Protein chains: 2
Amino acid sequence: MPVVGSGATDPVASEELAPIARHIAREAARLFAARGYDATSVREIVEAAGVTKPTMYYYFGSKEGLAEALVTAPLDGLCDRMRSILDREGEPRRMLARLIEANFEFVRQDPDRGRFIYGLFFGPLGSGLASELARFAERIEALWDEAMGRFVAAGLIDRSRVRGAVAALRGLVIVHTIEFLYRGTELGPGLPARLVADLLEGFARREAHR
Amino acid sequence: MPVVGSGATDPVASEELAPIARHIAREAARLFAARGYDATSVREIVEAAGVTKPTMYYYFGSKEGLAEALVTAPLDGLCDRMRSILDREGEPRRMLARLIEANFEFVRQDPDRGRFIYGLFFGPLGSGLASELARFAERIEALWDEAMGRFVAAGLIDRSRVRGAVAALRGLVIVHTIEFLYRGTELGPGLPARLVADLLEGFARREAHR
DNA sequence: ATGGACTTACCGAACGGTAGGTATTATCGC
DNA sequence: GCGATAATACCTACCGTTCGGTAAGTCCAT
């Protein structure tokens with residue numbers, strides 16, 4: 001039984017079998033985002049996907065397996081993408097803007113998946129995926145920490161302010177992502193760089209500050 | 001039948017009846033925060049509260065009525081509190097710090113309630129309370145807008161940067177609230193003023209910036 | 001007798017999951 | 001080449017349990 005969320009051992013078979021599984025997953029993401037995981041029944045998912053319950057169980061093993069498939073591989077991908085940016089980009093501001101952009105791109109690719117994942121991150125501690133989500137949250141935060149550490153190394157930020165800066169940065173990413181997901185606000189091409197500048201410079205008028 | 005969420009027309013009766021209803025509400029908030037609304041059954045709530053289902057229905061009318069009771073009055077209170085601060089505090093920085101503190105105090109008073117409400121705000125669009133939550137979100141955002149408008153009026157922030165500043169401010173409040181709710185990080189007494197300063201000044205070292 | 005606060009027992013519907021099956025294709029052994 | 005077998009991809013019908021909610025009742029104070 002191929003369980004997409006676990007990664008298939010046979011790439012060819014996985015590619016040939018993936019279309020139906022992907023279709024089920026897409027429908028599930030839409031419903032999970034709109035209703036929430038617990039309020040969406042398996043019956044609704046399979047009806048929306050035009051298959052039967054055992055078919056869904058054949059591909060994903062369980063309702064939870066399905067939800068896991070929606071989040072694990074994509075979040076792995078995001079972490080890898082961020083890791084890659086950190087490893088290749090030397091200039092701190094540009095590096096940070098690209099990290100932010102990677103996060104925005106993640107939700108732009110599939111807003112329903114983004115809504116579902118954001119809902120999980122801010123949702124109940126007791127849900128089945130919680131420990132897995134917590135691990136991703138830690139991974140991502142470690143990446144932000146490392147990014148901010150580059151600003152310290154470059155003398156752009158005081159070491160004592162790293163914690164505060166990471167928190168502010170995460171807040172910026174979260175709030176803009178939410179605006180996009182729930183209000184359809186554009187995440188324009190210049191936004192990441194703008195956010196980096198805001199983070200570093202603040203909002204006060206320079207003359208008023210003096 | 002007194003439905004606490006709707007506001008009782010008889011204050012005396014409401015006060016005399018409130019203890020059991022409050023106890024049910026407290027247990028519900030705990031379970032909703034830990035499991036999520038949809039994954040928490042009425043049976044679990046009444047078992048935790050040590051009453052029977054019809055008793056819960058007697059006080060709250062429905063599961064949804066119970067959830068509404070957990071959010072409506074408290075959020076009304078928060079909005080009123082913020083409104084009051086805006087009306088009485090003239091100095092922009094101090095006013096903003098006090099608004100931030102009001103938000104922190106809101107979740108400190110009852111973290112389970114806070115977790116439940118935050119989960120709803122970032123949760124599925126389709127849930128029953130969504131329209132009501134959306135109204136509160138708008139109200140709160142209008143208050144942040146007004147607060148930021150004070151900075152413009154005082155010449156502290158450029159008018160063109162208000163949108164960005166409000167978003168950043170909301171991000172700061174969200175991220176620190178989440179740290180508190182999910183990681184137990186302190187929301188110390190100096191934090192609101194620190195956040196106002198960060199918002200205005202940014203994180204860059206002044207010398208490095210020059 | 002009445003009303004408020006609570007109860008037991010029950011309702012129809014729905015839940016996630018599965019037993020047993022079918023159809024098709026590929027492979028194997030003779 | 002052919003029949004048997006295995007694997008894959010899907011199905012119908014069903015399972016035991018639980019869901020939110022309610023009918024009918026009891027107890028107690030006034």
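Letters go in sequence order (proteins before strands), and every chain restarts at 1. Owing to the predicted nature of the structure, the values given are computational and were not obtained by experimental measurement.
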State which of D:dC10, C:dT8, C:dG17 makes the closest approach to the side chain of A:Ile20. D:dC10
Side-chain ion pair, B:Asp80 and B:Arg83, N-O less than 4.0 Å: no
B:Phe60 CZ to D:dT22 C1', in whole Å, measures 18 Å
Without swapping roles, check the side chain of A:Glu186 against the backbone of A:Gly188 for a donor-acceptor pair under 3.5 Å. no
Do B:Arg30 and B:Glu27 sit within salt-bridge range, that is, some charged N less than 4.0 Å from a carboxylate O? yes
Classify the nucleic acid contact of B:Ser41 as base, sugar-phosphate or nothing, counting any heavy atom under 4.0 Å across all strands shown. sugar-phosphate
How long is the line joining NZ of A:Lys53 and P of D:dC11, in whole Å? 13 Å
If you assign each of A:Ala39 and B:Gly50 to its closest nucleotide in DNA chain C, which residue comes earlier from the 5' end? B:Gly50
Could you tell me whether the phosphate oxygens of C:dC6, OP1 or OP2, come under 4.0 Å of any side-chain nitrogen or oxygen in B:Thr52? no
Does C:dT7 have OP1 or OP2 under 4.0 Å away from a side-chain N or O of B:Thr55? yes
Between C:dT7, D:dG20, D:dC11, spot the one nearest the side chain of B:Tyr57, thanks. D:dG20
If you take the centroid of each ring, where Trp contributes its six-membered ring, are B:Tyr118 and A:Phe122 closer together than 6.0 Å? no
Calculate the interatomic distance between B:Ile45 atom CD1 and D:dC19 atom P; express it in whole Å. 10 Å
In this structure, how many angstroms lie between the C1' atom of C:dC6 and the CD1 atom of B:Ile24, rounded? 11 Å
Between OH of A:Tyr59 and C1' of D:dC11 the distance, given in whole Å, is 13 Å
Quickly work out the A:Arg43 CZ to C:dA14 P distance and round it to whole Å. 6 Å
Between B:Lys63 (NZ) and D:dT22 (C1'), how many Å, whole number? 17 Å
Does this structure show an ion pair linking A:Glu105 with A:Arg108, if we count only N-O contacts that are shorter than 4.0 Å? yes
Rounding to an integer number of Å, can you tell me how far A:Tyr58 OH sits from C:dA19 C1'? 17 Å
